[in-house]
Structures are given as structure tokens and as C-alpha cells.
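Note on naming: letters A, B, ... go to the chains in the order of the sequence lines (proteins, then strands), and numbering restarts at 1 for each one.
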There are 2 protein chains.
Amino acid sequence: MKKKVVNAMEVARLAGVSQSTVSRVFSPSTAVSEKTRHRVWKAAEELGYRPNALARGLIMNKTKIIGLIIRDIQNLCYPEILDKFIKGLRAKGYHVLLAHTENNEVNQDEVYQFLEYNVDGIIVIDTLLSLNTLAHLSKYNIPIILFNQYTEASSCSYHFVGCDNYAAGKDIGEYLLKQGHHQYACITGHRNGFMSHECEKGFRQVFQQRGIKTAIEAGDGTYEGGYKAAMRLLKGGSPPDAIFCASDLMALGAADAARSLNLSIPEHVSIVGFNDSVMASLHPYSLTTWRQPFDELIAITIKTLLDDIDGRIKSPVSILLCGVLIKRDSVRASHNTDGALNSE
Amino acid sequence: MKKKVVNAMEVARLAGVSQSTVSRVFSPSTAVSEKTRHRVWKAAEELGYRPNALARGLIMNKTKIIGLIIRDIQNLCYPEILDKFIKGLRAKGYHVLLAHTENNEVNQDEVYQFLEYNVDGIIVIDTLLSLNTLAHLSKYNIPIILFNQYTEASSCSYHFVGCDNYAAGKDIGEYLLKQGHHQYACITGHRNGFMSHECEKGFRQVFQQRGIKTAIEAGDGTYEGGYKAAMRLLKGGSPPDAIFCASDLMALGAADAARSLNLSIPEHVSIVGFNDSVMASLHPYSLTTWRQPFDELIAITIKTLLDDIDGRIKSPVSILLCGVLIKRDSVRASHNTDGALNSE
DNA sequence: TTGAAAGCGTTACCAT
DNA sequence: ATGGTAACGCTTTCAA
């Protein structure tokens, strides 16, 4: 059985002071004489005392716990993002209670769990909160921030920080256009989230503006999905020589599909991915892709959340940061408008 | 400011019962009449009441929180493992307080944090606890389980569950031997952990037994490290035609190094990885690798931990499970002993 | 079956 | 600067 840890009362007895004084010693910026402070420290050290965060949280109504909900993503930048959040929050004295969901909307239950533990704030990564959940949450005035997923249907009281995927899609489209291609296509992810739509929308916008047709194929976010979608495109009527994939993994699948048809990259087909994951830089792929500015995004997310927790923010904050194109070798060099593929 | 959530007293007032009764309704298996139970439920529903886990944890000395410490690993099976732990623990009603470390030994501070929140148990993934930390922890009788990392210097009171890497290394060595190669090499990871050593030891053992020499090169766990280590090997005096890499990522690097020397895989060089990560199955690599039985390992870890928490275990448990070789196309087919590469 | 009251380990207020 | 005491929201014992 788990043993009880030593409490402030025992430290007080050993140090020959009151329990209140022990508490004060462990509360930052409270007046205690240097002498007693040392006595208490020594006693605490000797007994291995550390204040009980649960009791503290109970009385202070602040737990220093942040509830983090992340979507079940095998493909994405999960480790990177998670690590950075944990580190960043930790540096500010906060701890992370972690939950994850596989749905497009957070399980209401997860949020209730967080509420039971009286978390100081909630970060939702790559997924959404249902209106029900939001309504319930709004009663408690607990800061919520959505990271990299957004919904328009919100009169809501949460913050949003994410990548400007519309701009990203546009940039990618314009880059492919500038490099000169004949037929443009886009392989979309499986998520019905706002963010991926934005990305696709930006991409299409570039061509729509100029009256150029683009083919859209649905991948499902996986390698296989990308492979198959690319196959459909490349074996179709007007095979593209420029494909933008909404995720790196799909892009790798698309690249391998092209190669299996004896098309070289980037000579016959240019491919652009999204996310700049580890795999993108692998030698046989050397994928041109889009890097989201996670460092800044996460720093802003944490700052915003803590500012809200500490009452320094009144109204919802909404921040979009643009990423940057990482140019590798999967897009053909400029001005090479000829020599493109017109038949299978 | 965060608002106070509704408490049991308010529910009691609305339902016209005592606060104790409300508590009983939310404590499983406590005798309450059907009629009052319904009244309380209705009142609770109406007010949106959920018991405060902190207060409950304080009085019960059980928080239903598990502290999880994971090493900062970009390459490994981080997402998979983490997801499975969270899901598995969640299914048993436990929550995860997450910390991570980049060191070979867990930061003592992390453990103290867990203690402050009075976690019911601690899972340490892929790293170790210092003797100091262990000494401190042992005072509290709090269940600890080490996952996939182990130290021999332990008189200790923690459990251990992991992959039998020695057996894995042996299996891999024997497989490469069976397929017939001339010169065997091993690229090791950067960690000075027990587990990777075991793996390497098993591999070497196979050849030592038979008086066959093996070359050992240190990678650092990264793609680049694998690439460079393979380069050193392949450009060296007696270049290997069979290379075992202690991680998939290094194996990919090694594969690309071989290709850059115009060596094909597996005709000129066989390569075996470790972990069966997503990248291993990528088309251009189709890497033969080792899959650790994470599902079972994690299930056992959780079961052991919860058994200990509930007092069903008296002495430390130590469990090793063997993985399985995933045969793809990076190792040459059997009995093809000739045609191996003897010079650069 | 239910209610009153003690206690979990803190912090915060009011004295001194 | 320090000590006494109420309060945080819950579970649990003891009475009724």
C-alpha cells in the first residue's frame, strides 16, 4: 500500500514552529525571518517534505495542471509538438494531464475528467470541441485554446493558434506554377477538419484565379492512400506533372506510385508534401515540403493560455502564423516548361 | 478567473438530502435507496455536478493518476507506445501525468513532482532512475515499473517489462548467417542503455560462438549517424555484406549510404533494422526489421502496475518478451553465398 | 438507509 | 514575523 507522505505538521514539530509557518516557507514571496526559514528548510530536507499539490490545489483553486487533448495521429508531428508543449509548460511550472481522441470532436468525457481534476487550462490539438462540451465548459470560465484546428461556427470563448494553411496552400500553388508545369493536382487528407480544407482551398485558389483546372483526389492521410490517389491521377486522362499532397506520408506514397510507373521525380512529376516530417528528408525522396512554425506557434499558445489563466486577457485571441517552404529535390527546376508528360 | 465548480453540498441542498448521501451516490457500491439515488442524480445532472478528484484524492490517498516519464525520442515508436499506454490506463480509470527527459537518468525533480501530486504509480519508459531517486521513492512504497530499459545494479523494488533484446539480436544474427553472408557488421545506437547493449551483445554472440569476426561501428541513432557509420564500414578494409542497425532510422541511412556507393540492396549488402517503424515499410527501403511486441508489453505493464497498486503483488516482477523478425526485401534470399562483395 | 462530524494537507485570514 | 483557526470538497466512521 502506498504510504502517506510526510506533511507540514510533522515538519513544523521538528522545526519547532507552527504549521502555518511551514506553509509560508514554501509559499513564494511570503515574509518569514531568515532564521526560521532555515530551520524549516533543514527539517523539511531531513524528512523529505514537499507540499502536497492536491491539498494546495484544493484550497487555492489552482492546480498547475494543464489538460492536453491530442488527436490520435500516427503520421503527424505528434512527438515534436507534444515534447515542445511539455517542455514549455514545464518551464512555467505547469504539468500536463494527457488525453487523446481519435475523433474529429473531443469526447465530452475527456473534458469532464479534466474538470474533475480542476485543470487550470485546456489545450486541444488538432481536433475540435463539440458545442455541447463548449457550452458546459463556458460555465466554468476555464481557458481553452485550440491548436491547429478551427471551426467557424463559434460564438465562442476559446483562443485559437495555428498555421495559416490557406496562405501555405497558396504559396505552394504559386511555387509550382512559377516552376512551370502543365497539369496540377492535389491529394487531400482524410480529415474533415477546417485546417486541411484551408490548405486545399489556398492551393486551388491560385489556379482558379488564372482559370487553370486542377485535379483533386482524396487520399486518406496514409502512405497507401497517397499511393493509390497518385495512381488514379497518373493513370487518368490528363495525368498531372505537379502534385501537392496534404501530408508528407501521402507524398511519399505518391512518389513511389510515380516511380512504379517509371516516372522520375522531379523530371516527369513534381511532388510537394506538407509538414516537413523526418521522412521528407530521406535521401530517395528528398521531398520539397511545407514546414509549420511549431516553435513559435507553441510558444504563443502557451503564453496566451497562461496569460488568460492569470487574468491578463479579456477576449478570445486568434493567431495565424505562416510557415515556410522547404525546397528539396522533388520539384523540378524553374523555366523547364517543356518536356512535361502528356501521355502515360 | 476560473470559477468554482458546483460541489456536493449544493447538490445535497437541491436534492433535499445530506452531503454525505450525495457522496455515497457517487461512490460505487455503497448502499443508497433507489429513490434518493435518483433524486440525487437528477439534482447533480441539473447542476452539472461531478465529484472533485483532488478532494477525493486527498482523503482517499488515491488519485487515479499515473506518472509517466518518457525519454525524448524523435526516432522511436513514441506515439505508438504513448497512445497505447494512455488508452490502456484510461480503460482502467487512470489518468496520465506526462513528463519527459532527455537524459539517460530521470531528472530527480520530475519524480518529486509526481510525488507532490500523489500519483498512484510511475511508469518509466526507455530511461533509468538514479539510485538517489530510487532511495527516495522507496520510502513511499509507490509502485514503479521500468519499460524497455533496465539496469542490473538494482537491489530494487521496481518492476521491469521489456523486449528480450538479447534474444532479438541473436535471432537477427542467426538469420543473416542462415541467409549466407561473408562479412557481418553492426551499427550501434547512441544510448548507453542496457537494452541496446543487450541487442548488440546477442548479435555478436552468434558470430563469436562460431569464431566469425564482426565489425562494430557506432551510429548515434540518427539517419546521418547510420549513413556515416555505413560509409566507414563499406569503404573500410573488409566491407560487410550484412549490416545490422540498432534502429530503423540508422538502417535507412545505411541503405542510402550503400546506394550512394552503387551497391544494391540486398544483392550487394543486406541490411536489417530494429523497431519496425513506419519508415521501414516505405517502398524504396522495404526494410527487414525487428518488431517488438508492444501491445503485449504494454498490456502486461499496465496490469502489473495496477496489480501492485491494488496490493495484489508482493515482490518485483520482471518480464521479457521476445519480438519477431519482419522479413521484407533488404536481406538477400537464402543460399546465395557467392557473388558477395569483396572489394569496394 | 441516512445524517452529523471528523479528517485529508494545504492556504488565508485574523490575531498577537 | 509568527501562531491559531477556518475553509477547500470530499470520504468515512459512528449514531440514529
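- Every ring pair (Phe, Tyr, Trp, His ring centres under 6.0 Å) that A:F147 has, sequence neighbours left out, goes to A:F85.
- Residues passing the side-chain hydrogen bond (donor to acceptor under 3.5 Å, both in side chains) test with B:N61, sequence neighbours excluded: B:N118.
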*Full working for side chain to side chain donor-acceptor pair (under 3.5 Å) between A:T21 and A:S18*: CA-CA 5 Å; A:T21 301; A:S18 79; 3.2 Å; yes
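- Side chain of A:S27 to main chain of A:T30: no donor-acceptor pair is present (N/O by atom type, distance under 3.5 Å, no hydrogens or angles).
- Sorted by first then second residue, the salt bridge (Lys or Arg N to Asp or Glu O under 4.0 Å) pairs that include residues 40-55 of chain A, not counting sequence neighbours, are A:R50-B:E116.
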*Please assess A:I66 against A:V119 for the test side-chain contact (heavy atoms from CB on, under 4.5 Å), listing each intermediate value before the final yes or no.*
CA-CA 5 Å; A:I66 300 294; A:V119 299; over 6 Å; no
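- The neighbour count for B:K139 NZ, taken as heavy atoms of other residues, nucleotides or ligands under 6.0 Å away, is above 12.
- Scored by the ring pair (Phe, Tyr, Trp, His ring centres under 6.0 Å) test, A:Y117 finds B:H95 as partners (sequence neighbours excluded).
- Within the structure, salt bridge (Lys or Arg N to Asp or Glu O under 4.0 Å) contacts touching residues 2-27 of chain B (residues at least two apart or in different chains) are A:D120-B:K2.
- Put simply, chain A comes within 4.0 Å of DNA chain C, heavy atom to any atom, from C:dG9 to C:dC13, going 5' to 3'.
- Within the structure, salt bridge (Lys or Arg N to Asp or Glu O under 4.0 Å) contacts touching residues 56-68 of chain A (residues at least two apart or in different chains) do not occur.
- Within residues 13-24 of chain A, the residues approaching DNA chain C are A:Q19, A:S20, A:S23, A:R24, by heavy-atom distance under 4.0 Å.
- With sequence neighbours left out, the ring pair (Phe, Tyr, Trp, His ring centres under 6.0 Å) criterion links B:H159 to no other residue.
- Comparing A:F26 and B:E34 by the nucleotide of DNA chain C whose heavy atom lies nearest to each, the residue mapping closer to the 5' end is B:E34.
- Taking the 5' to 3' direction, DNA chain D first and last meets chain B under 4.0 angstrom from a heavy atom at D:dG9 to D:dT13.
- For the segment residues 50-64 of chain B, the set of residues with a heavy atom within less than 4.0 Å of an atom of DNA chain C comprises B:L58, B:I59, in numerical order.
- Pairs of residues two or more places apart, or lying in two chains, that qualify as ring-ring contact (aromatic ring centres under 6.0 Å, His included) and include a residue from residues 5-26 of chain B are B:F26-B:Y49.
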